[in-house]
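Hydrogens, waters and symmetry mates play no part in the numbers below; they use all other heavy atoms, side chains included.
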Amino acid sequence: SSGTPEYIFHLTTNNPVKGELLMKSDPERKRSYTFRNVKPGKYFIKVEDKSGEQRGKTITISENEN
C-alpha cells in the first residue's frame, strides 16, 4: 500500500531467496497487476518499487472448480 511508482511485479516459484522467475511485469504505475494463465500451486509474489524497495508474499492458487 506504499512505495514509489513505478512498480515491477515478479512471480516466482515458492522460495523468496532462490525462487525461479516465472513471469515479470513491465514497470506499472498501478499498485496491482494480474498474471494470467498461472497453473494451480504455491508461488511467491514480489513487488519492487522505483526506489528498489521490495515486498513479497507466498500465495496459493487453487484449481478452478467450474
Side-chain angles (χ1 to χ4, degrees):
S1 65
S2 64
T4 305
E6 299 174 329
Y7 305 98
I8 298 174
F9 299 84
H10 303 82
L11 178 70
T12 67
T13 54
N14 189 30
N15 184 321
V17 178
K18 297 181 182 180
E20 177 186 345
L21 180 63
L22 302 172
M23 295 182 206
K24 179 179 169 182
S25 75
D26 290 328
E28 299 282 335
R29 294 213 47 87
K30 298 179 285 179
R31 295 180 187 263
S32 65
Y33 183 82
T34 301
F35 290 104
R36 304 208 180 276
N37 300 317
V38 179
K39 295 180 181 180
K42 283 194 173 189
Y43 298 93
F44 189 78
I45 298 277
K46 179 176 76 173
V47 181
E48 181 178 350
D49 77 357
K50 187 174 185 174
S51 66
E53 192 72 28
Q54 299 179 4
R55 296 286 187 268
K57 181 177 183 176
T58 297
I59 62 162
T60 300
I61 296 177
S62 302
E63 277 194 50
N64 189 349
E65 297 184 17
N66 290 336

Would you say Lys46 and Arg55 make side-chain contact, with heavy atoms under 4.5 Å? no

From NZ (Lys24) to CD1 (Ile8), nearest 0.5 Å: 5.0 Å

What is the distance from atom CG of Leu22 to atom OG1 of Thr13, rounded to the nearest 0.5 Å? 6.0 Å

Heavy-atom side-chain proximity of Met23 to Val38 below 4.5 angstrom: yes

To the nearest 0.5 Å, tell me how far Tyr7 OH sits from Gln54 CD. 14.0 Å

Here the pair of heavy atoms bringing His10 nearest to Glu48 is CE1-OE1, 3.6 Å

Can you see which heavy atom on Ser62 is nearest to which on Pro40, and at what distance? C-CB, 4.1 Å

Spacing of CZ belonging to Phe9 relative to CG belonging to Asp26, to within rounding of 0.5 Å: 11.5 Å

Going by atom type alone, with no hydrogens or angles, which donor-acceptor pairs under 3.5 Å involve a side-chain atom of residues 14-21 and a protein atom two or more places apart or on another chain?
residue: Asn14; atom: OD1; partner: Thr58; partner atom: OG1; Å: 3.0
residue: Asn15; atom: OD1; partner: Val17; partner atom: N; Å: 3.0
residue: Asn15; atom: OD1; partner: Lys18; partner atom: N; Å: 2.9

The complete set of ring-ring contact (aromatic ring centres under 6.0 Å, His included) pairs with one or both residues in residues 35-62, sequence neighbours excluded, reads Tyr33-Phe35

Would a distance-only check, ignoring hydrogens and angles, find a side-chain to backbone donor-acceptor pair under 3.5 Å from Asp49 to Gly3? no

Value rounded to 0.5 Å, distance of CD in Glu6 from CZ in Arg29: 5.5 Å

